[in-house]
Amino acid sequence: MARRQTRREMLKTVLGGGVATALGGSVFGAGRASRRAQTDAGESIELGGGVFVVRVPGQANVVARADADGVLLVDGGSAEGSERVLAAVDGVAGDGPVHTLFNTHWHPEQTGSNVRLGGEGATIIAQENTRLWLTTDVTWPWNGRRFEPLPEIGQPNRTFYDVGGDLPSGVRYGYIPDAAHTDGDLYVHFPEENVLAVGDAVSGDGWPVVDWWTGGWIGGIVGGIERLIALADAETRIVPARGPVLGLTDLEEQYEMYGVIYSRLSQLLNSGRGPDEAVDARPTEEYDARMGNPDEFVRRAFESQWAYLSPDA
Ligand SMILES: [Zn+2]
């Protein structure tokens, strides 16, 4: 676990524990999807310029873009859903080969088409920490769920550390080093189409999963959203791994909300409270009616602060 310690130390330094919560009062309108396509496998929405969000029931969102060489994908669904996801992609983006697959992070809901597409010769792009998690056993301590490494053919074959890059098609990608969800989160930006795919760094569907075992934490949720806001404008369509397409206003609301929750959890931690007491303190109270039962999120978010901020962590 030496690598995780190192990242944790680095983030402590970078973040310094301070989170700005002041927001301007500007009003932004979320962009609207322009076209929808029903296929047997689910619903796809065109976001403009041939970029689609492909939504297959039970699967995380996938973003697809067709070009002269074939198809670029951001995430590929789970192993169980791979066939349906790729059929739905064919339905909107044509049946050209998937030449490029981004992994927004290592979770199996995103990397289930890696083996198949890697075997067909796709370039699989990920942040290096994502590749490392996909080469090792991972067991979540909170529920015992165990993840096996991917076969080598399915592992990312083009990785980067801090600086992402531009593809010849104009598509940009970059690291979200705040560790919003894991320590390997990346975004993919389609500047021409004004679409930003953000994986699980932003949740569009209830409270987020805080995977602190592979580096995510509540301070990173705040920092990650702030970073993504800086990439967006009032018309940007922001595609999270779960839930509907979001706009800038949604990110600004989330930034404010998680900033409030982060500072409350910090106070609880600094006054020596534990996870049970954090849940009992109801630090998300005014948001629960909209967001749902917060107990698991609060517990995990509190544990994530322990992991990052405790002097002996
Ligand atoms: Zn995830």
Side-chain angles (χ1 to χ4, degrees), residues 4 7 53-63 73-82 85 101-114 124-150 154-156 159 173-188 196-225 227-228 238-246 251 254 258 291-292 296-297 299-301 303-304 307-308:
R4 203 158 61 86
R7 286 220 35 86
V53 54
V54 176
R55 309 184 67 180
V56 171
Q59 295 296 304
N61 292 331
V62 165
V63 173
L73 279 190
V74 183
D75 291 330
S78 69
E80 303 75 44
S82 171
V85 166
L101 170 67
F102 284 97
N103 291 157
T104 58
H105 60 293
W106 70 270
H107 285 161
E109 292 83 358
Q110 279 70 41
T111 53
S113 291
N114 277 34
I124 304 177
I125 304 177
Q127 203 272 343
E128 175 63 11
N129 289 334
T130 292
R131 189 190 67 81
L132 290 171
W133 290 121
L134 289 170
T135 63
T136 188
D137 280 309
V138 176
T139 304
W140 281 342
W142 49 86
N143 62 7
R145 193 174 166 196
R146 184 155 180 248
F147 306 92
E148 309 261 335
L150 281 186
Q155 291 168 8
T159 65
Y173 59 97
Y175 187 30
I176 308 172
D178 315 274
H181 183 63
T182 70
D183 62 11
D185 302 331
L186 69 72
Y187 66 82
V188 181
L196 188 59
V198 299
D200 271 327
V202 176
S203 172
D205 180 25
W207 296 112
V209 173
V210 184
D211 179 0
W212 56 260
W213 186 251
T214 67
W217 79 301
I218 177 69
I221 292 174
V222 180
I225 292 172
R227 182 180 305 274
L228 294 167
I238 298 150
V239 186
R242 297 188 298 148
V245 176
L246 305 175
L251 260 60
Q254 288 202 18
Y258 290 115
M291 297 290 289
E296 192 183 358
F297 162 70
R299 180 176 300 277
R300 209 83 66 68
E303 290 169 350
S304 79
Y308 272 106

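As the structure lists them, so they are numbered: ligands from 1, and atoms in each ligand from 1.
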Review point. Under 3.5 Å, is there a donor-acceptor pair between the side chain of Tyr187 and the main chain of Gly199?
Key: no

Check your understanding: Is the closest side-chain donor-acceptor distance between His107 and Asp211 under 3.5 Å?
Key -> yes

Review point. Can you tell me the N, O or S atom of His107 that's nearest the Zn ion (ligand 1)?
Key: ND1

Review point. Any N/O/S atom of Asp200 sitting less than 2.8 Å from the Zn ion (ligand 1), backbone or side chain?
Key: yes

Point to revise | For the Zn ion (ligand 1), the closest N/O/S atom belonging to His181 | key: NE2

Practice item. Answer yes or no for Arg299 and Trp142: cation-pi contact, defined as NZ/CZ to six-membered ring centre under 6.0 Å and angle to ring axis within 45°. Key: no

Check your understanding: Does any N or O in the side chain of Asn129 come within less than 3.5 Å of the main-chain N or O of Gly184, such that one atom is a donor and the other an acceptor?
Key -> no

